[in-house]
Structures are given as structure tokens and as C-alpha cells.
2 protein chains.
Amino acid sequence: MQKKVTHELNPNVSVDCVIFGFDLEKLTVLLIDRGQQTQHGPRLALPGNLIYNDETLDQAANRVLDELAGINDIYLEQVGAFGDPNRICKDADREWLQTIRAEPEARVITVAYYSLVKMSDYSPHASSFAKTAGWAPVSEIFELAFDHFEILQAAKDKLRQKIKIQPIGFNLLPEKFTLSQLHKLYESILDKPLDKRNFRRKVQKIGIVTALKEKQRGVPHKPSLLYKFNEEKYEALSKNGYDNFDF
Amino acid sequence: MQKKVTHELNPNVSVDCVIFGFDLEKLTVLLIDRGQQTQHGPRLALPGNLIYNDETLDQAANRVLDELAGINDIYLEQVGAFGDPNRICKDADREWLQTIRAEPEARVITVAYYSLVKMSDYSPHASSFAKTAGWAPVSEIFELAFDHFEILQAAKDKLRQKIKIQPIGFNLLPEKFTLSQLHKLYESILDKPLDKRNFRRKVQKIGIVTALKEKQRGVPHKPSLLYKFNEEKYEALSKNGYDNFDF
DNA sequence: TTTGAAAGTGTTAAAATGACACGAAGTTAA
DNA sequence: TTAACTTCGTGTCATTTTAACACTTTCAAA
């Protein structure tokens with residue numbers, strides 16, 4: 001007898017995605033505006049959806065990203081599962097719930113992911129982008145629908161941990177970037193000021209960036225040298241177990 | 001209308017627990033022997049069960065620990081969700097599945113936890129202990145039922161990460177312990193040798209242990225001083241954001 | 001040509017790390 | 001009682017890492 005895991009929505013399990021971007025000044029997240037659907041509670045929410053029974057959780061998360069904004073092949077990491085029985089039990093949520101799932105009375109646990117995208121590739125003006133979605137600075141978010149604020153916090157914590165160990169921050173930057181931009185990126189993720197000279201010294205000593213023969217253009221001050229991520233160097237380092245990216 | 005999240009098993013979500021212990025020599029895990037129920041595949045599995053619709057995931061994990069061995073008030077941390085559609089689809093598993101759940105054809109995702117227990121409190125000889133469960137050294141486990149080996153690996157990784165940041169290892173030791181035991185604990189979790197003198201120096205400098213006025217007894221060699229975990233000191237450190245427990 | 005704004009650069013003191021070996025204190029067996 | 005065995009417990013030094021700190025340069029815009 002064949003197991004009947006078919007292409008149907010599973011009413012009990014969803015995925016939610018914390019999509020981080022970096023506008024070259026501060027860390028941002030992609031949020032859905034549920035304004036049209038609900039009068040109650042916070043309008044902003046994380047993008048997410050129920051999973052299908054024949055896809056893995058990672059696939060479900062990738063699907064959500066793809067459906068929302070055509071985002072593919074992106075850095076994706078699981079945050080964890082969130083399953084308070086009351087996480088979406090408020091009456092206020094019911095109307096919204098009905099817009100995305102068949103059984104609004106079901107108990108739903110969600111598996112949260114965070115992803116890192118080059119924001120320039122997915123600006124709200126891009127055609128692929130859902131009209132109801134937009135970037136918001138992480139530091140200016142104080143509430144979200146359901147338990148999504150809690151999920152956002154957990155995602156930030158995970159990201160902060162991870163970036164001390166792996167140089168995943170480059171997923172948030174364009175191919176060419178300045179050391180100041182990298183510096184600000186680390187400051188906004190670690191949420192603390194870092195000494196400019198010490199930061200630059202360590203980045204360059206590790207050798208994780210390569211200087212290009214090209215300068216920033218169009219800035220009203222001394223233009224910075226541009227750099228790119230040195231992937232080969234990173235491969236070599238991680239092969240040797242190097243894991244100190246704590247600036 | 002009240003949401004009907006009732007006290008029923010949810011057929012789509014389970015929790016599995018990686019229960020770590022330390023026998024004062026090496027790291028161990030508590031495993032279930034499914035020998036009686038299945039002829040196919042590995043006999044050993046992690047303890048786990050479906051969740052009830054009216055309990056949180058944390059509560060479900062605690063319930064599993066309690067039902068299995070009367071384990072309460074224990075260090076518990078989520079590892080993550082595992083949801084490959086085929087993770088328990090093998091025919092070989094079906095008979096076993098029927099012993100723990102109503103719908104063997106359902107697609108089940110599982111939320112994994114790891115917990116740290118003082119092994120002496122939960123020896124296989126304790127009456128509360130399930131007859132089919134037992135401790136196995138982590139280093140000697142190479143396969144488990146379902147995707148449980150993968151879960152075990154993930155739990156080990158999480159534990160290794162975490163112990164570099166928080167001194168959670170004391171949850172695995174008796175109240176009174178020797179520095180050698182602590183040393184071996186860190187070596188088995190980090191899976192690498194640590195220099196004895198450097199390890200002791202750092203532990204004592206941090207001030208995370210307090211020397212007792214009592215020595216080890218009944219050992220056929222020079223007895224060691226006993227120590228206890230200095231909880232107050234740790235509170236003070238973590239209040240100041242100290243998080244370097246990387247030996 | 002002056003002003004404004006960010007880029008880019010080096011030193012030093014303090015702390016942390018990593019490598020390394022031997023005498024002391026107990027038990028057990030001869 | 002003595003010898004043998006096992007683990008306990010300890011300090012130094014060279015190297016590396018960290019943290020703190022300020023001024024000149026370069027470009028665009030006014």
C-alpha cells in the first residue's frame with residue numbers, strides 16, 4: 001500500500017519567512033500589509049503559508065519566497081517551530097485566516113525561516129513584487145500580527161549568532177560594496193557600535209574581501225574603494241575550521 | 001464562536017527528544033529500543049510522540065520526558081523542525097507507527113528538542129524508568145530509526161554552539177563535581193582535546209565554579225577537590241553580556 | 001576657494017591564548 | 001613497608017588578539 005502523502009495543503013503546519021534586506025544603512029525586513037483584510041490588531045505580518053503534504057519544509061519556505069517576490073536560490077536558514085495553541089486564535093485574526101487557508105479553526109504550528117537577500121534585486125518597484133509587501137527597518141518594528149514579532153526577534157537572534165561564525169552577511173550586500181557599508185551591516189546586525197579601524201583591520205587580515213580597482217561614484221565626498229567577497233578564501237578558511245567572524 | 005482547539009492528538013505534528021546525559025566519562029543519549037515492535041530498520045529511536053492540540057510544543061516535549069522517565073524541570077532547548085515528507089514513510093516503520101498514533105498514513109513533521117539531565121537522577125534502574133529505554137554513548141551511535149540520527153547530529157551541533165556561549169553543561173553534572181569531570185564534559189561535547197591547565201585556568205578565572213571544602217572519596221588515586229557551579233556569579237556575568245565560555 | 005563629509009590609516013597597552021612538564025597525594029599490590 | 005600506579009594540581013613564557021584612540025586625505029558642492 002502506498003503512503004498517501006498527496007499534493008494537498010496540510011491544515012496544521014505553515015511556514016513563515018523573515019526576509020532580511022540591507023538598504024546600505026540599516027537592516028530591514030519584508031512585511032505584508034494585511035490592511036485590506038483586517039480591522040483588528042497589527043496590520044503588518046510576515047509572509048507565510050500552509051505547507052503542502054508532498055514538499056519538505058525548506059521547499060515550502062522557498063515556495064513562499066518565490067510566490068511572493070520571485071525570490072530564488074537565496075540564503076535560507078530555519079529559525080525554529082512556533083506552536084503556542086493560541087498563537088492565531090484571536091477572533092480578530094479569523095477573517096484574515098480565511099483568506100489563506102481552508103480551516104480557520106485548525107490548530108496551526110508554524111516553522112519560521114529567515115533569509116538574506118540583496119535588497120536591490122527585490123525592490124518594491126520590481127514587477128515581480130507583491131503590491132501589498134514592503135521593506136521596513138527592523139529597528140522601527142515594535143509589533144506584528146499573530147506571534148510574528150516574537151518570530152522576528154528569534155530570527156534576529158539566530159542571525160546575530162550565525163554571523164559571528166560564518167560571513168553570511170555578504171548575502172545582504174551587492175556584489176561590489178564599500179568597507180563602510182560592510183561595517184554598517186555588522187553594526188546593525190550586532191546592534192552595537194564597532195570601531196572603524198579595528199573592524200577594517202580584522203576584515204582585511206582575514207582576507208575575506210578583495211579590493212577592486214574601482215571606486216564608488218556619485219557620492220558628495222571622498223569616494224571609497226569597492227570590494228567584493230572573496231569566496232575562495234572563505235572556502236579555504238572554513239575547510240580549516242576557521243570560525244571567528246566576531247568583529 | 002470559540003475556537004475548537006481541544007485535547008486531541010494532532011496527527012501531523014510530533015516532538016522528539018534528544019536527552020543528553022554524562023556518565024562522568026562521556027556524553028550519552030537516552031534511546032528507546034523498538035525491538036519488540038519492528039523487525040525492520042534500526043531498533044533504536046529517540047523518545048517522542050504526537051502533540052495534543054491544546055498544549056504548546058514546549059509542553060509536549062516536557063510531557064514526553066515526564067511520561068518516559070518522570071523527568072521534570074529540566075534544561076530543554078528546541079533544535080528545530082524536521083519535515084521531509086519521507087522521513088517516516090518506509091513500510092518498515094508502519095507497524096511501529098501504529099503503536100503510537102492513530103493515522104499511520106498521515107504526513108508527520110516533528111519538532112526536535114534536546115535536554116540535559118543529571119544522569120545519576122535517571123539511571124535505568126530507577127523505577128520510573130521505562131523498561132525499553134537506556135543510555136548509549138553518543139560516540140557509539142551510527143544509526144537510528146526514521147530520521148533520528150540526523151536529529152541527533154543537529155542536537156549535538158546545537159549543544160556545541162550553545163555551550164560556547166552559556167555554561168549549560170552544569171545541567172549534566174551532579175551538584176558536586178571535580179574539575180576533571182568538567183574538563184571531560186567539555187571535551188566530549190566539543191569533541192576535541194583541551195589542555196588541562198589552560199582549561200582550569202579559564203574556568204577559575206571566570207569564577208563560574210566554587211571550590212568546596214570537600215574531597216572526592218573512594219578513588220584509587222589522589223582525590224580531587226570538589227566544586228559546585230556558582231550560579232550567582234553566572235547571573236552577574238550574563239547581566240553584563242559576558243558570553244565567552246569557549247574553552 | 002572654501003566647506004562639508006566620509007575615507008583611510010598606525011600605535012600602544014592590556015588581555016587572552018596556546019604550548020609545555022613535574023612533584024604531590026592518595027590507593028593497591030607485592 | 002615499600003614500590004608501583006594513577007590522577008591531581010600547578011606556572012611561565014612567547015605569541016596573538018583585543019580595545020582604545022585622532023588626524024590627514026579626497027572628492028563634490030556651494
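These values consider heavy atoms only, across backbone and side chains, with no hydrogens, waters or symmetry-generated copies. Lettering follows sequence order; numbering is per chain, from 1. Quick caveat, the model's predicted, so the values are computed rather than measured.
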Spacing of [X] atom [atom1] relative to [N] atom [atom2], expressed in whole Å:
X: A:Q216; N: D:dT26; atom1: CD; atom2: C1'; result: 12 Å
X: A:R217; N: D:dC27; atom1: CZ; atom2: P; result: 11 Å
X: A:L179; N: D:dT26; atom1: CG; atom2: P; result: 18 Å
X: A:H183; N: C:dA6; atom1: NE2; atom2: C1'; result: 13 Å
X: A:L194; N: D:dA20; atom1: CG; atom2: P; result: 11 Å
X: B:R200; N: D:dG11; atom1: CZ; atom2: P; result: 12 Å
X: A:I206; N: D:dT16; atom1: CD1; atom2: C1'; result: 14 Å
X: A:E187; N: C:dA6; atom1: CD; atom2: C1'; result: 14 Å

Practice task
Indicate, with a heavy-atom threshold strictly under 4.0 Å, whether B:L225 touches base, sugar-phosphate, or nothing.
Solution key: sugar-phosphate

Problem - Touch class at under 4.0 angstrom, heavy-atom based, for B:S180 against every strand present - result: sugar-phosphate

Handout entry: Qualifying ring-ring contact (aromatic ring centres under 6.0 Å, His included) pairs, either residue in residues 185-214 of chain B, two or more places apart
Key = B:H183-B:F199, B:Y186-B:F199, B:Y186-B:F247, B:F199-B:F247

List the atom pairs, donor and acceptor, that lie under 3.5 Å between side-chain atoms in residues 162-172 of chain B and the rest of the protein, sequence neighbours left out.
unit_1: B:K162; atom_1: NZ; unit_2: B:E77; atom_2: OE2; d: 3.3
unit_1: B:N171; atom_1: ND2; unit_2: B:I168; atom_2: O; d: 2.9

Problem - Contacts of B:R197 that satisfy side-chain hydrogen bond (donor to acceptor under 3.5 Å, both in side chains) - sequence neighbours left out - result: none

Exercise for the section: Might you confirm whether atom CG of B:N72 has over 12 heavy atoms from other residues, nucleotides or ligands at distances under 6.0 Å? Expected result: yes

Practice task
Tell me whether the OP1 or OP2 atom of C:dA6 has a side-chain N or O from A:S224 closer than 4.0 Å.
Solution key: no

Problem - side-chain hydrogen bond (donor to acceptor under 3.5 Å, both in side chains) pairs, two or more places apart, involving residues 237-247 of chain A - result: A:K202-A:N244

Show which side-chain atoms of residues 19-26 of chain B pair as donor or acceptor with protein atoms under 3.5 Å away, not counting sequence neighbours.
unit_1: B:D23; atom_1: OD1; unit_2: B:E25; atom_2: N; d: 2.7
unit_1: B:D23; atom_1: OD1; unit_2: B:K26; atom_2: N; d: 2.6
unit_1: B:D23; atom_1: OD2; unit_2: B:K26; atom_2: NZ; d: 2.6
unit_1: B:E25; atom_1: OE2; unit_2: B:K184; atom_2: NZ; d: 3.4

Check residues 217-234 of chain A and write down every donor-acceptor pair under 3.5 Å in which the side-chain atom is one partner and the other belongs to a residue at least two apart or another chain.
unit_1: A:N230; atom_1: OD1; unit_2: A:E232; atom_2: N; d: 3.4
unit_1: A:N230; atom_1: OD1; unit_2: A:K233; atom_2: N; d: 3.0
unit_1: A:N230; atom_1: ND2; unit_2: A:T210; atom_2: OG1; d: 3.4

Problem - Contact letters for nucleotides 13-21 of chain C, in which S counts primed atoms plus P, OP1 and OP2 and B counts the base, heavy atoms under 4.0 Å - result: ---SBBBBB

Exercise for the section: Assign a letter to each nucleotide of nucleotides 23-30 of chain C from its 5' end: B, base within under 4.0 Å of a protein heavy atom; S, sugar-phosphate only; -, no contact. Expected result: -BBBS---

Handout entry: Of all pairs that satisfy salt bridge (charged side-chain N to carboxylate O under 4.0 Å, His left out), the ones with a partner from residues 186-196 of chain A, not counting sequence neighbours
Key = none

Practice task
Could you check A:L65 against A:I74 for side chain to side chain contact (heavy atoms under 4.5 Å, CB included), going step by step and ending with a plain yes or no?
Solution key: CA-CA 9 Å; A:L65 295 184; A:I74 233 47; 3.8 Å; yes

